[in-house]
Participant: 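Would you mind keeping the following structure in view while I ask a few things?
We use all heavy atoms of the structure for the numbers below, so side chains are in, but hydrogens, waters and symmetry mates are not. This structure is a prediction, so every number in the text was calculated from the model and none was measured.
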Amino acid sequence: MHRFPADFLWGVAGAGHQNEGDNVTSDCWFAENVTPTVFRERSGKACNGWERWREDVDLAAAMHLTAYRFSVEWARIEPVEGEFSTEALAHYEAIVDHCLVQGLAPVVTFQHFVAPHWFAMQGGWLGERAPELFARFCDRVMSAFGDRIAAAVTMNEPNLPPMLAWAGLPDVVRDLERATLEACARATGVERYRLTNITVAEEADALFAGQAAGHRAARAAIKARRPELPTGLSIAIVDDLVHGTDATLRDRKRAEVYQPWLEIAREDDFVGIQNYERHYYDAEGAVNADGTPAQGGVMNRTDPASLGSCARYAHAVSGVPVMVTEHGIQADDDTERAAFIEPALEGLQEAMTDGVPVLGYFHWTLMDNFEWIFGFGPRFGLHSVDPVTFDRTPKPSAGVYGALVAGLRHG
């Protein structure tokens with residue numbers, strides 16, 4: 001590989017609820033603690049990132065990176081509707097300022113799935129006032145430290161529900177998701193308690209409408225404070241390929257899962273893509289590369305070539321620059337991760353050589369953390385975390401990624 005553009009953002013990505021811990025006024029925390037619950041484990045202290053955030057920024061800087069993507073937790077900043085925490089805003093402002101001291105461009109996600117408990121009690125994104133409430137929150141964040149951030153991601157993977165509908169999850173998971181929402185509603189005495197990443201199929205259209213309006217309202221609020229700030233959203237995207245000659249099924253998936261959001265992204269400054277897998281489809285269903293039937297599940301069909309291919313597709317439909325806001329691999333054996341990064345970046349660079357504008361690459365993730373309904377089992381981190389002391393230990397892949405970045409920045 002040759003050098004990337006001088007202003008290319010090299011980073012790691014993370015999310016507040018997954019590493020901060022004790023996000024007690026959030027919808028996700030509440031859903032983890034009802035019975036029954038689809039969450040395999042509770043997030044608890046997570047990686048204790050709320051206290052160890054400075055160390056985490058320093059770890060990213062030590063890897064020769066130039067950017068750091070993190071989320072601000074709405075539930076911490078607005079724990080009660082209309083009441084904003086100056087302490088929480090100051091906390092995230094300190095992260096931004098420390099990033100700048102360390103030479104890292106702060107890329108801020110305004111909602112990485114999790115919302116305040118009170119917001120979920122109002123129906124989440126199905127609530128009539130949801131876009132207005134989210135825009136007000138975004139304005140408060142921008143007024144506190146928006147003058148110092150490098151890019152804004154309004155929301156993370158709003159297309160996750162339709163993508164999971166194609167993932168072949170067993171019915172028992174879907175039933176347990178519905179039971180979790182019902183348990184939350186019973187415990188709070190509301191008719192409809194709704195989260196962003198636990199959904200029911202019949203509400204898909206209404207959820208899309210609410211989130212689309214929320215994204216546009218958030219973008220307007222952000223741009224009102226800083227018109228020139230690069231602003232977009234991130235979508236989950238699988239590299240879906242056709243096995244054989246019939247593209248009908250693959251194209252239907254694209255139309256249902258990605259197309260609506262890529263069309264919305266035409267209004268934005270960039271589109272964030274989050275790629276982990278490559279899938280093949282024939283006329284009947286999901287298959288392996290050789291045409292044999294594929295097993296269902298999540299994150300089990302990785303291919304380093306998928307990243308460049310997804311960048312090409314996302315840009316072709318949206319017409320705007322691409323930012324790789326997440327990319328990585330779930331691997332208990334870190335040698336797999338270490339070997340995965342360079343060929344993926346080669347494919348990305350080939351797409352750039354062919355004219356696809358790519359603004360940056362953020363590896364998911366800095367450290368092993370809480371992976372939603374799967375708990376602490378999946379390993380995506382460049383660092384391991386001791387579950388008792390919360391000490392971070394670099395894996396070999398951290399050194400590999402850091403050395404690659406250093407070489408691609410300086411040649």
Side-chain angles (χ1 to χ4, degrees), residues 13-53 55-56 70-80 85 88 91 109 111-121 124 156-157 160-161 164 169-170 172-190 192-200 297-299 326 330 332 364-381 383-393:
H17 188 83
Q18 292 180 261
N19 61 45
E20 288 177 350
D22 294 331
N23 194 16
V24 297
T25 54
S26 71
D27 56 357
C28 195
W29 179 278
F30 191 79
E32 293 164 23
N33 285 278
V34 296
T35 302
T37 181
V38 71
F39 289 91
R40 186 173 295 172
E41 298 178 77
R42 297 168 178 166
S43 55
K45 296 290 289 186
C47 302
N48 199 22
W50 183 258
E51 296 179 358
R52 302 184 72 142
W53 63 267
E55 176 184 353
D56 296 339
F70 67 98
S71 71
V72 290
E73 281 299 314
W74 186 1
R76 294 186 186 274
I77 293 172
E78 192 179 2
V80 177
S85 167
H91 173 90
T109 306
Q111 194 205 16
H112 197 118
F113 293 138
V114 184
H117 178 55
W118 60 261
F119 183 75
M121 288 178 65
N156 185 81
E157 296 185 348
L160 185 64
L164 289 178
L169 293 178
V172 65
V173 175
R174 289 302 186 198
D175 293 343
L176 194 49
E177 286 183 319
R178 188 180 295 272
T180 302
L181 295 176
E182 291 171 352
C184 288
R186 285 196 303 273
T188 54
V190 300
R192 187 174 60 185
Y193 191 102
R194 290 294 181 265
L195 286 80
T196 304
N197 59 345
I198 300 178
T199 63
V200 289
V298 180
M299 307 292 189
E326 285 185 24
Q330 196 294 114
D332 293 333
W364 182 272
T365 177
L366 181 65
M367 72 194 84
D368 297 331
N369 60 24
F370 178 73
E371 287 292 343
W372 309 112
I373 68 171
F374 303 105
F376 292 96
R379 301 282 187 259
F380 285 91
H383 296 72
S384 60
V385 180
D386 186 287
V388 177
T389 67
F390 303 110
D391 289 342
R392 286 88 160 109
T393 303

Participant: Which heavy atom of A115 sits nearest a heavy atom of W74, and at what distance?
Facilitator: CB-CE3, 4.2 Å
Participant: Measure from the side-chain N and O atoms of T393 to the backbone N and O of S384, and report whether any donor-acceptor pair falls under 3.5 Å.
Facilitator: no
Participant: Does N33 have any side-chain hydrogen bond (donor to acceptor under 3.5 Å, both in side chains) partners at least two apart in sequence or in another chain, and if so, which?
Facilitator: R42
Participant: Flag the pair W372 / Q18 as yes when at least one side-chain heavy-atom distance between them is below 4.5 Å, and no otherwise.
Facilitator: yes
Participant: Apply ring pair (Phe, Tyr, Trp, His ring centres under 6.0 Å) to H383 and list each qualifying residue two or more places apart in sequence or on a separate chain.
Facilitator: none
Participant: Go through the structure and list residues passing side-chain hydrogen bond (donor to acceptor under 3.5 Å, both in side chains) with T35, not counting sequence neighbours.
Facilitator: none
Participant: Working to the nearest 0.5 Å, report the span between OG1 of T365 and CG of N19.
Facilitator: 7.0 Å
Participant: Check A185 against Y193 and note the closest heavy-atom contact, atom names and distance.
Facilitator: N-CB, 3.9 Å
Participant: Go through the structure and list residues passing side-chain hydrogen bond (donor to acceptor under 3.5 Å, both in side chains) with E51, not counting sequence neighbours.
Facilitator: N48
Participant: Can you tell me how the ring of H91 sits relative to the ring of W50, calling it parallel under 30°, perpendicular over 60° and tilted otherwise?
Facilitator: parallel
Participant: Would you check if S71 and H17 make a side-chain contact, meaning some heavy-atom pair closer than 4.5 Å?
Facilitator: no
Participant: Among residues at least two apart in sequence or on other chains, which ones pass side chain to side chain contact (heavy atoms under 4.5 Å, CB included) with T196?
Facilitator: Q111, F113, W125, Q211
Participant: Can you measure from CG (D386) to CG (D368) and round to the nearest 0.5 angstrom?
Facilitator: 11.5 Å
Participant: May I have all residue pairs that pass side chain to side chain donor-acceptor pair (under 3.5 Å) and include part of residues 178-189, sequence neighbours excluded?
Facilitator: R178-E202
Participant: Filter on salt bridge (Lys or Arg N to Asp or Glu O under 4.0 Å), then keep only pairs touching residues 16-29, sequence neighbours left out; what's left?
Facilitator: E20-R76, D22-K45
Participant: Looking only at heavy atoms, which two atoms of L195 and C28 are closest? And how far apart?
Facilitator: CD2-CA, 3.9 Å
Participant: Not counting sequence neighbours, which residues clear side chain to side chain contact (heavy atoms under 4.5 Å, CB included) with I373? List them please.
Facilitator: V38, F39, V173
Participant: If every non-hydrogen atom of S43 is compared with every non-hydrogen atom of W29, which pair is closest and at what distance?
Facilitator: OG-CE3, 3.6 Å
Participant: Kindly write out the residues that satisfy salt bridge (charged side-chain N to carboxylate O under 4.0 Å, His left out) with E177, not counting sequence neighbours, or none if the list is empty.
Facilitator: R174
Participant: Locate the shortest heavy-atom distance separating P36 from A179; write the atom from each residue and the value.
Facilitator: CG-CB, 3.8 Å
Participant: Restricting to side-chain hydrogen bond (donor to acceptor under 3.5 Å, both in side chains), what partner residues turn up for N156, sequence neighbours left out?
Facilitator: R69, H112, S234, Q274
Participant: Using only atom types and a distance under 3.5 Å, with no angle test, would you say the side chain of Q330 pairs donor to acceptor with the backbone of F380?
Facilitator: no
Participant: Apply side chain to side chain contact (heavy atoms under 4.5 Å, CB included) to the pair N369 and V385, showing each step before the final yes or no.
Facilitator: CA-CA 8 Å; N369 60 24; V385 180; over 6 Å; no
Participant: I'd like to check F119 versus E78 (side-chain heavy atoms, cut-off strictly below 4.5 Å). Are they in contact?
Facilitator: no
Participant: Please name all residues satisfying side chain to side chain contact (heavy atoms under 4.5 Å, CB included) with T199, sequence neighbours left out, ordered by chain then number.
Facilitator: P161, L207
Participant: Of all residues at least two apart in sequence or in a different chain, which pass the ring pair (Phe, Tyr, Trp, His ring centres under 6.0 Å) check with F390?
Facilitator: none
Participant: Just wondering, do F30 and M121 contact through their side chains at under 4.5 Å, heavy atoms?
Facilitator: no
Participant: Any idea which heavy atoms bring R52 and T389 closest together, and the distance?
Facilitator: NH1-O, 2.9 Å
